[in-house]
Amino acid sequence: MKKLAIATIALVFATTGIAQADSVLVLNSDEASYSVISRSSRTEIARHPVGREPHHLIVTPDGKEVLIGSTVTNELLGLDIKTGERRRVVKDIIDPYHLGFSPDGKWFVTAAYRLDHVDIFHADGFRLAGRIFIDGLPSHLAFDKDSKTVFVTLQQSGRLAAFDLKTQALKWSVPIGTAPAGVVMLPDDKRLLVALTGEDGIVVVDPKNGAIQGNLQTGKGAHNFWPKGDGRHYFLSNRVEGTVSLLDTDQMKVVSNVRIPGGPDCMDITLDGKELWVTQRFLRRVAVVDIEQMKVVASIPVGKSPHGVFMLRPGSTAGQGPIRAVSTSGETR
Amino acid sequence: MRDLIDIWVGAQTWIFEALVSPLLFRFGLMAWYEPGFNAVEYVMLGAIQILVIAVGMRFFERRWPLEKPGRDDRLIGVDRVYTLLNKLGVVPLAIFIVTYPVVTHIELLIRAWGYAPPSLERLLPWLGDNALASFLVYFALYDFAAYWLHRAQHAFPWWWALHSLHHSQRRMTVWTDDRNHVVDDLLITLALVLFAQVVGVQPGDYVVILMVGRLVESWSHANVDVSFGRLGSRLLVGPRFHRLHHALSTPQERHIQDHNFAPVFPIWDILFGTAIYDERNRPTGVDDPTVDADNDRGWLAQQATVFWRFARAMIPKFRRATAL
Ligand SMILES: [Zn+2]
């Protein structure tokens, strides 16, 4: 009976295209779709079209929408953060691979991975302030706390670059290691963590000048961060190793690891803080990890090469820190 | 269905993590991580195609052959080499390495103008919600482009110099489809990849289009006396239809090869007036003895002589020199 009820609900949502706060979005990056998954029943309940090759998504500063970056069609698809309903399409955002809003909500930045440029927009109306062409596959980005600087990893050239948001001028660019990807600013605003996908760990970087302050071995193909929510612990996916590490950033050590096969990539945490969801790109699945036990409790089939993952949420995000760059920064939830 | 996908991607992941991923990691090629994973799928699909040809299609050739086994059987061997080199990724990898900078350059140029593919789903919103319909529409568009490229292969003398290698085979079989000069393969690949990007074919769909398309084309070269009826032969290209395109031209039918160009869907030949349907059996090959001489050569010698043929057709000075 329960199964039938779930199936009925699933059918209703599938036909109306409206999800609820129980839903999780997963971007199928080798397709032109995103999956809607019921968190409670752990099944895909709908699949909807989106431009071409969506990779990452981001919450708007007002906390009302989540924007999906469609890289090949140069646009953002805005969905209602509660229901998942389509709200709008923002055009002329070129190759929005990775994207984020500055903490004050004034700036919107995209890393055009394929086209080798970083675009800085006035978040209000998505007006382009500056486009900076930069060699070497700009891949992920993060901001400092007072919204003055954006930090961008350059995967091909192995560098980390810092740009002044107001003037869009390059502040510094330093060699950091092989194939840097995920980057996150710690709450103290004094340490940046950068994951080195071509190596087996992360480096700690001084946001003032890019000087390397330390490093930590985590696993081969260290790739992307996600905050646990306490301002101290961070999850990190290691794509080649096939693990997710839980890091303690106070002591700068690995607390524990969980094995996640299939090239684990982006993550998000359920609103109750109990589950970590991780996309398994090769296996066309998303894994559910019980955070307390650090154990995989489910693996849900989705589309091809699932990348970004996001929990829809009820109400406003006020009090949670309004801004988060999905898959990089955002110390609170 | 999902069980099949899990087995498939499980095997793909296993092969990738055992053989490809360690190399990419070791040599600092992590930017090729996802493409490398997709390349494994390409080779796996090639192996499946070879299996389907060698077991499935060969069964029909043995059971209902059109041309009985005979003295030209030895001509088939080289086509098997072409099929293996292509389907197992040797030729495609070489082509990829050569064309990658060109394709990337053109792609970046187009995209730098702010061009975004004319996603058909925007015109026809129902298409986005119907995966099968959308796949078929993109497949048809892709085939439309391939039809016109095939016509160009016959229309330009320099291109015919290459494509004639494909037509020189007197013993057409399920192995003949891949019998092409590598430069010909390269040009067609380049054109179709760019076309797919401009139109906006999804990468996931592209793999399936390639897989299904190539299987239909292998089948259309088969030496079988099988027909799918009036309707079937107008929906999908079959052996009878495509054999007419390979027919040896005679004084009565001088331009018979200027028909039935379509790779997968005969609709293009019907629409553009190049379709013929005829049950009479004809010998295949070319009436030009210098081209027919391809049949006496192995893979390497064919590649070398046909390249020379191509160079002469390209450069007028060479053409004059040979005319004298
Ligand atoms: Zn032809």
Side-chain angles (χ1 to χ4, degrees), chain A residues 17 28-33 46-53 70-75 89 91-92 94-95 112-117 133 136-137 139 155-156 158 178-181 196-200 220-221 223 239-242 261-263 280-285 299 301 303-305 307, chain B residues 1-3 5-6 8-10 12-17 21-22 24-34 36-38 40-41 104 107-122 125-131 134-135 138 197 199-208:
Chain A
N28 302 313
S29 71
D30 251 4
E31 294 178 5
S33 70
R47 197 175 289 192
H48 299 301
V50 54
R52 285 287 180 280
E53 300 182 43
S70 166
T71 58
V72 175
T73 52
N74 302 336
E75 61 195 8
V89 174
K91 301 230 177 235
D92 297 321
I94 310 295
D95 191 15
Y113 179 82
R114 192 80 185 87
L115 300 181
D116 279 343
H117 56 78
F133 283 91
L137 303 179
S139 105
Q155 201 181 307
Q156 187 73 51
T178 312
L196 300 174
T197 307
E199 298 179 24
D200 61 356
K220 281 183 187 166
H223 190 71
R239 297 208 60 197
V240 181
E241 195 80 37
Q280 302 169 278
R281 289 188 68 171
F282 299 152
L283 298 180
R284 304 185 193 179
R285 283 170 175 272
S299 176
K304 201 169 184 186
S305 201
H307 197 174
Chain B
M1 184 62 191
R2 184 63 210 190
D3 290 343
I5 293 176
D6 282 341
W8 181 259
V9 296
Q12 188 186 354
T13 304
W14 188 84
I15 295 169
F16 176 73
E17 289 182 342
S21 166
L24 296 177
F25 187 74
R26 173 136 191 201
F27 294 105
L29 298 169
M30 289 305 285
W32 297 96
Y33 206 54
E34 306 298 326
F37 182 68
N38 292 334
V40 171
E41 183 173 43
T104 308
E107 188 198 340
L108 297 195
L109 209 69
I110 294 171
R111 294 209 51 190
W113 300 333
Y115 174 84
S119 170
L120 292 167
E121 297 89 315
R122 222 168 293 160
W126 56 270
L127 210 57
D129 289 315
N130 192 328
S134 136
F135 168 77
Y138 281 106
Q197 269 171 8
V199 168
V201 183
Q202 302 173 36
D205 277 358
Y206 192 78
V207 174
V208 186

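In what follows, chains are A, B, ... by sequence order, proteins preceding strands, each numbered from 1.
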Any B:S134 side-chain heavy atom under 4.5 Å of B:Q202 side chain: yes
Identify which part of B:V40 has an atom lying under 4.5 Å from any heavy atom of chain A, answering side chain, backbone, both or neither. neither
Side chain, backbone, both or neither of A:K91 within contact of chain B (heavy atoms, under 4.5 Å): side chain
Which one, A:A179, A:P301, A:A112, leads in non-hydrogen pairs under 4.5 Å with chain B? A:P301
The salt bridge (Lys or Arg N to Asp or Glu O under 4.0 Å) partners of B:R2 (sequence neighbours excluded) come to B:D6
Looking at A:E75, A:Q156, A:R47, which makes the most heavy-atom pairs under 4.5 Å with chain B? A:E75
Select, from A:V50, A:V72, A:N28, A:T197, the one with the greatest count of heavy-atom pairs under 4.5 Å involving chain B. A:V72
With a 4.5 Å heavy-atom cut-off, do A:T178 and A:L196 have their side chains touching? no
Please flag which part of B:Y206 lies under 4.5 Å from any non-hydrogen atom of chain A: side chain, backbone, both or neither. neither
Nearest heavy-atom neighbours spanning A:D30 and A:S305: CB-CB, 3.8 Å
Residue list, side chain to side chain contact (heavy atoms under 4.5 Å, CB included) with A:D116, at least two apart or on another chain: A:D135, A:L137, A:P138
Does any heavy atom of chain B fall under 4.5 Å from the side chain of A:D92, the backbone, both, or neither of them? neither
Using a strict 4.0 Å threshold on nitrogen-to-oxygen distance, state whether B:E34 and A:R239 make a salt bridge. yes
Ranking B:L108, B:L29, B:D205 by heavy-atom pairs under 4.5 Å to chain A gives rank one to B:L108
Aromatic rings A:F282 and B:F37: how do their planes relate, parallel, tilted or perpendicular, breaks at 30° and 60°? parallel
Select one option (side chain, backbone, both, neither) describing which atoms of A:S299 are under 4.5 Å from chain B's heavy atoms. neither
Go through the atoms of B:E107 and report whether side chain, backbone, both or neither lie under 4.5 Å from a heavy atom of chain A. side chain
Could B:E41 and A:K304 be called an ion pair, given the rule that one side-chain N must be under 4.0 Å from one carboxylate O? yes
Contact class of A:E31 relative to chain B, heavy atoms under 4.5 angstrom: both
Side chain, backbone, both or neither: which part of B:L24 has a heavy atom under 4.5 Å from chain A? neither
